[in-house]
There are 2 protein chains.
Amino acid sequence: MKRTIENIEYQETTEALALFAKALGHPTRIAILQYLETEACCFTGDLVDVLPLAQSTVSQHLKELKKVGLIQGELKPPKIKYCINKEVWEQAKTLFAEFFDK
Amino acid sequence: MKRTIENIEYQETTEALALFAKALGHPTRIAILQYLETEACCFTGDLVDVLPLAQSTVSQHLKELKKVGLIQGELKPPKIKYCINKEVWEQAKTLFAEFFDK
DNA sequence: ATATCTAATCGCTAAATTACGATTGATTTT
DNA sequence: AAAATCAATCGTAATTTAGCGATTAGATAT
């Protein structure tokens with residue numbers, strides 16, 4: 001990724017939307033969120049059982065979703081309970097809705 | 001990308017949503033679509049003027065958007081007029097709305 | 001026939017992404 | 001104190017993405 005000039009700047013909502021979209025841009029991450037939507041919350045292990053991927057890979061995807069704030073983890077030792085972050089969820093929902101509504 | 005087993009399959013809507021999200025997962029592509037939303041249609045050159053990127057790079061981003069069908073190009077020699085594909089646009093809009101609406 | 005114009009494609013490089021197994025760290029249970 | 005459990009992180013490899021300049025292709029104008 002060469003960017004010879006200084007970093008290109010876009011509008012704030014443009015950047016925000018792109019970041020959310022990027023986080024949603026993998027079927028596994030969509031599947032995780034769909035699971036969380038129905039189950040409200042879950043542990044990493046639940047997802048590892050459901051998904052045909054290694055535990056470390058699932059962890060990586062969770063990290064991506066956490067990075068943009070769509071989910072959050074709560075310590076329930078020795079497990080970690082993941083839930084959708086509703087505030088950020090609504091924020092993303094609004095951004096997409098406004099984007100598509102022209 | 002190692003995937004030792006056969007390819008992992010997800011639900012059709014999961015895959016479709018991820019593909020749309022991936023296409024939207026770059027600020028430049030969001031900016032292009034926002035431009036097309038206000039301008040209805042435009043030529044590649046218009047975008048090259050507006051965006052701080054090389055012509056070949058803009059072409060690449062247009063290709064990505066074309067690939068998922070969100071835009072379509074119409075030959076207006078020697079130019080090409082790009083417009084949003086409204087059917088696919090609505091499809092994507094619906095998928096995102098349903099996804100976020102739980 | 002030649003020159004010009006527009007936009008796609010090619011070839012390349014750098015960086016990010018996705019996957020895995022192995023290891024580590026934190027906590028609980030024995 | 002030792003063993004077990006769960007999930008994050010590390011290290012590595014393959015693939016994809018994003019950027020550029022140069023070239024090519026298609027069409028019009030000279």
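So you know, we letter chains A, B, ... as the sequences are listed, proteins then strands, and number each from 1. Given the structure is predicted, the values throughout are model-derived calculations rather than measurements.
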(message) Rounded to whole Å, how long is the line connecting atom CD of Q60(B) with atom P of dT9(C)?
(response) 10 Å
(request) Indicate whether OP1 or OP2 belonging to dT6(C) is found under 4.0 Å from a side-chain N or O atom of Y82(B). (result) no
(request) Using the six-membered ring wherever Trp is involved, compare the ring planes of H61(A) and H26(A) and label them parallel, tilted or perpendicular (cut-offs 30° and 60°). (result) tilted
(message) Does atom CD (Q11(B)) have a neighbourhood of more than 12 heavy atoms from anything else shown, all under 6.0 Å?
(response) no
(message) Need one value for K22(B): base, sugar-phosphate or nothing, where a base atom within 4.0 Å counts as base even if backbone is also close, heavy atoms only.
(response) sugar-phosphate
(message) Rounded to the nearest 0.5 Å, what separates atom CG in L65(A) from atom CG in L24(A)?
(response) 7.5 Å
(request) Indicate whether OP1 or OP2 belonging to dG19(D) is found under 4.0 Å from a side-chain N or O atom of H26(B). (result) yes
(request) Would you classify T44(B) as touching base, sugar-phosphate or nothing, given that sugar-phosphate means primed atoms plus P, OP1 and OP2, and contacts are heavy atoms under 4.0 Å? (result) sugar-phosphate
(request) Return the value, rounded to whole Å, for the distance between atom CZ of F43(A) and atom P of dT28(C). (result) 13 Å
(request) Answer yes or no: does a side-chain N or O of S56(B) lie under 4.0 Å from OP1 or OP2 of dG21(D)? (result) no
(message) Between P on dA7(D) and CG on L51(A), what's the gap in Å once rounded to a whole number?
(response) 13 Å
(message) Expressed as a whole number of angstroms, how long is the span from L19(B):CG to dT16(D):C1'?
(response) 14 Å
(message) Does dG19(D) have its OP1 or OP2 closer than 4.0 Å to a side-chain nitrogen or oxygen of H61(B)?
(response) yes
(message) Rounding to an integer number of Å, can you tell me how far I80(A) CD1 sits from dT28(C) C1'?
(response) 15 Å
(request) Calculate the interatomic distance between K79(A) atom NZ and dT5(D) atom P; express it in whole Å. (result) 12 Å
(request) Kindly say if K63(A) contacts the phosphate of dA7(D), meaning a side-chain N or O under 4.0 Å from OP1 or OP2. (result) no
(request) Decide yes or no, distance alone: a donor-acceptor N/O pair under 3.5 angstrom between the base of dA8(D) and the side-chain of Q55(A). (result) yes
(message) Using OP1 and OP2 only, check whether a side-chain N or O of T57(B) sits under 4.0 Å from dG19(D).
(response) no
(message) Could you measure the distance from the CD1 atom of I80(A) to the SG atom of C42(A)? Nearest 0.5 Å is fine.
(response) 11.5 Å
(request) Can you tell me the distance, in whole Å, between the CG atom of D49(A) and the C1' atom of dC6(D)? (result) 12 Å
(request) Select base, sugar-phosphate, or nothing to describe what E64(A) touches, counting heavy atoms under 4.0 Å on all strands. (result) nothing
(message) Rounded to whole Å, how long is the line connecting atom CG of D46(B) with atom P of dT6(C)?
(response) 11 Å
(request) Go through K81(B) and F43(B) one step at a time and tell me if the side-chain contact (heavy atoms from CB on, under 4.5 Å) criterion holds. (result) CA-CA 5 Å; K81(B) 195 175 74 171; F43(B) 301 108; 3.8 Å; yes
